[in-house]
Chemist: 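Below you'll find the structure I mean.
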Amino acid sequence: MRNGRARHAGDGAQGRTRARTRTEAGSRTVVGAERTRRERSAAVPLEDVGTSPVGTSPVPVPAVGRASRAAAPTAARASRRLAVFGALSLLVLVVALIGPLVSPYDPFATDYAAAFAPPSAAHWFGCDEMGRDTFSRVLAGARVSVLLSLAAVALPLAIGVVVGSVSAQLGGAVDAVLMRVADMFQAFPEIVLAVAIVGVAGPGLWNVVLAIVVVTWAKYARLARSLVLGLKESGFVDTARMSGASTAQIVFRHELPHMVPQLLVMAVLDLGYVILAIASMSFLGLGIQQPTAEWGAMLNAARSYFGTDPALMVFPGLAIFLTVLVVNLFGSALAERLGQTRADVARLRASSEGDAALDARERGHAL
Amino acid sequence: MGRYVIRRLLQLVPVLIGISLISFTLMYVAPGDPALMMLTSTGQAPTPELLEATRESMGLDRPFLARYASWVGGVLTGDLGYSFLYNAPVAQVIAQRLPVTLVLSVASLVVVVAVSVPLGIAAALHRGRAVDYVVQVLSYFSLAMPTFWLGLILIYVFALELRWLPAISNSAMAVGYVLPVIALSASYVGRLTGQVRSDVVSELGKPYITGLVSRGVPARRIIWRHAVRNALLPSLTVTGLAFGAMLSGSITTEMVFSMQGLGALSVQAVLARDYALVQAYVLITAVAFVVVNLVCDLSYHALNPQVRLGGEAL
């Protein structure tokens with residue numbers, strides 16, 4: 001069964017995109033349902049962006065069927081979407097980095113005369129129960145939420161890539177043991193285990209990151225493993241090996257660069273989820289504690305004044321919602337630009353969620 | 001099919017051992033002295049001799065594996081330890097709270113499926129049109145919405161302003177579950193809708209659909225009898241994952257709506273450092289998650305004609 005999967009993955013992106021292009025074109029002529037440009041952009045072959053593990057040719061491989069003619073304008077459209085949401089994501093990052101420097105008030109300065117002040121020219125988002133400026137606190141919260149979330153995605157990504165590559169490269173008993181360990185960690189509903197870890201380690205900023213690392217590394221390991229297994233069977237790795245490249249050289253120079261697009265898409269799509277998870281834990285009082293300005297913790301504090309001043313809940317909640325929305329849209333645009341359809345992304349997710357989901361998915365699609 | 005069931009059941013063994021090991025290790029590495037907590041909770045003055053004796057009677061001086069083995073033995077016989085926070089056996093506390101979480105999670109799961117499947121199919125059949133666009137916008141909104149924020153908004157609008165529904169849901173009345181179920185299911189609707197949509201879209205692109213069209217089978221029949229039916233089969237396994245998301249989400253939902261379920265219990269236990277309770281909660285939800293996933297996979301296999309008629313489960 002594992003071999004079967006490896007073989008499937010081993011078809012490489014070229015085989016898959018070709019097959020997809022064909023079916024995309026087919027469904028158009030047959031069912032006659034209109035396809036939007038966006039839909040067709042799914043058919044943009046990976047080769048076009050030079051990320052195919054198999055297609056070493058610098059010349060874009062022509063796609064099959066009518067979809068190829070649509071490829072150029074939709075690629076431009078995908079690029080435009082990517083540019084827009086990329087810019088918005090960058091804006092969020094810039095706000096996170098320099099926001100506290102330009103904020104009108106000290107996010108910790110209390111002014112009881114201004115407690116529960118409604119939004120005004122002086123206090124754009126109003127003031128909280130201690131008269132702290134909500135706008136300044138939302139800005140300060142951006143730094144905590146965004147930077148912590150980036151760390152909570154980057155760390156498990158790094159661990160997962162190392163474990164997954166080692167597992168696929170060595171195979172045999174090492175692979176079996178590492179993947180069984182990954183199974184164990186994936187057997188828990190994510191937030192449930194995270195809450196328990198914070199329970200043992202104690203509430204706090206970095207313990208939340210630790211909990212998320214423990215909970216999510218396994219899915220990156222699984223993804224990296226299946227990518228390496230696919231790459232291992234492709235011709236260029238054999239060529240590199242025959243020309244005397246060491247294992248380390250093969251992994252770092254030849255395999256890793258080809259894994260970047262998929263890993264990147266998965267990481268960005270995960271970022272929104274992690275932002276929500278960190279905010280949830282802080283809201284529960286398990287993560288970042290008052291008086292640190294963090295969106296989830298601010299909502300937790302605002303909850304006490306629910307009856308008297310519900311407006312306190314508006315801006316921190318909106319900040320979480322909009323940030324996650326922008327990051328998710330950026331992730332989908334990135335996936336689209338890199339030639340992955342929604343189905344691919346779903347497959348990616350399934351492959352990281354464990355054997356059962358993946359097997360079922362592949363067999364389902366193979367019907 | 002029979003061989004597949006046996007293989008899946010055998011695969012379950014290492015996973016269950018892993019779950020129990022991780023749950024036990026959490027407790028093992030937790031700071032604090034369980035003997036001291038035990039004495040404090042029973043109101044005894046912890047003299048060094050008494051502490052030593054309690055430690056010995058609780059088996060805290062034994063090595064890791066011995067303690068793990070006796071803990072597993074206890075779990076298998078229904079002994080999950082003693083909760084200092086509630087001064088009652090953990091099993092009893094959990095049994096009390098279980099129904100609320102079970103009703104909340106299962107009801108939300110039903111809502112997720114009932115909303116996502118029609119929306120996903122509608123979007124897939126109307127690709128690129130207004131319906132598709134609206135569904136996609138909704139699903140992005142749902143993915144980005146923090147469950148607890150949505151819960152607070154719902155309470156504000158429907159309980160405080162409109163006074164249609166109760167804000168606090170620890171009553172046994174069914175209406176108390178309406179808002180929590182909406183809040184909890186909303187977060188997952190987006191994901192399953194996207195999944196169903198892309199499954200149906202990719203199913204419609206398959207060669208056998210071409211074959212059916214060229215044979216003159218009516219479009220309605222192709223869509224409902226063939227494409228949608230085949231496309232939805234893999235979604236069954238995703239439903240198992242959705243159950244895990246419901247269990248996770250029930251923590252914040254129960255806290256927002258002041259429900260006395262397992263999720264709220266776990267937060268109270270974590271804040272009070274009642275490790276036995278935390279450990280039992282993690283163990284029980286993980287086992288439930290694994291079992292639901294197994295049931296989904298098995299029913300997928302039972303429903304899949306390729307497997308059912310072929311007899312061989314790959």
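Keep in mind that what you see is a predicted model, and the values were worked out from it rather than measured. Below, chain A is the first sequence line, B the second, and so on; all start at residue 1.
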Chemist: Can you tell which part of B/Tyr156 gets under 4.5 Å to a heavy atom of chain A, answering side chain, backbone, both or neither?
Modeler: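 The answer is both parts of B/Tyr156.
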Chemist: Which atoms of A/Phe283 are under 4.5 Å from chain B, going by heavy atoms: the side chain, the backbone, both sets, or neither?
Modeler: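 Answer is side chain: those atoms of A/Phe283 sit under 4.5 Å from chain B.
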Chemist: Looking at A/Val200, A/Leu276, A/Val324, A/Ile197, which has the largest count of heavy-atom pairs under 4.5 Å with chain B?
Modeler: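 Highest number of heavy-atom pairs under 4.5 Å: A/Val200.
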Chemist: Are side-chain heavy atoms of B/Pro146 and A/Trp295 found at a separation under 4.5 Å?
Modeler: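 Not in contact.
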Chemist: Is A/Leu325 close to chain B through its backbone or its side chain, or both, or neither, when contacts mean heavy atoms under 4.5 Å?
Modeler: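 Both the backbone and the side chain of A/Leu325 come within 4.5 Å of chain B.
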Chemist: Measure distances from A/Val181 to the heavy atoms of chain B and classify the residue's part below 4.5 Å as side chain, backbone, both or neither.
Modeler: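 The answer is neither part of A/Val181.
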Chemist: Using side-chain heavy atoms (C-beta onward) and a distance below 4.5 Å, is A/Val146 in contact with A/Val92?
Modeler: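 In contact.
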Chemist: Select one option (side chain, backbone, both, neither) describing which atoms of A/Leu318 are under 4.5 Å from chain B's heavy atoms.
Modeler: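 Contact with chain B is through both the backbone and side chain of A/Leu318.
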Chemist: When heavy-atom pairs shorter than 4.5 Å are enumerated against chain B, which of A/Val314, A/Leu322, A/Val326 gives the highest number?
Modeler: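 Heavy-atom pair counts peak at A/Val314.
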Chemist: Do the side chains of B/Arg229 and B/Glu203 get close enough for a salt bridge, i.e. N-O under 4.0 angstrom?
Modeler: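 Judged by the 4.0 Å cut-off on N to carboxylate O distance, B/Arg229 and B/Glu203 do not form a salt bridge.
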Chemist: Are B/Ile121 and B/Arg197 close enough that some pair of their side-chain heavy atoms sits under 4.5 Å apart?
Modeler: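 The answer is no; the side chains never approach within 4.5 Å.
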Chemist: Given a strict heavy-atom distance threshold of 4.5 Å, which part of B/Phe141 is in contact with chain A: side chain, backbone, both, or neither?
Modeler: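 Its backbone and side chain both get close to chain A.
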Chemist: With distance as the sole test, does A/Ser145 use its side chain to make a donor-acceptor pair with the main-chain N or O of A/Ala142 at under 3.5 Å?
Modeler: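 Between the backbone of A/Ala142 and the side chain of A/Ser145 there is no qualifying donor-acceptor contact (under 3.5 Å).
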Chemist: Given the options B/Leu247, B/Ile251, B/Leu16, which has more heavy-atom pairs under 4.5 Å with chain A than any of the others?
Modeler: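 Most heavy-atom pairs under 4.5 Å with chain A: B/Ile251.
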Chemist: To check you understand the geometry: which heavy-atom pair defines the closest contact between B/Ser142 and B/Gly190, and what is its length?
Modeler: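 For B/Ser142 and B/Gly190, the tightest heavy-atom pair comes out as OG-N, 2.8 Å.
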Chemist: Could you check which of B/Val278, B/Ile153, B/Val290, B/Ile22 has the highest count of heavy-atom pairs closer than 4.5 Å to chain A?
Modeler: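 Of the candidates given, the most pairs with chain A belong to B/Ile22.
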Chemist: Quick one: CE on B/Met246 to OG1 on B/Thr101, what's the gap to the nearest 0.5 Å?
Modeler: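 B/Met246 CE to B/Thr101 OG1: 13.5 Å, rounded to 0.5 Å.
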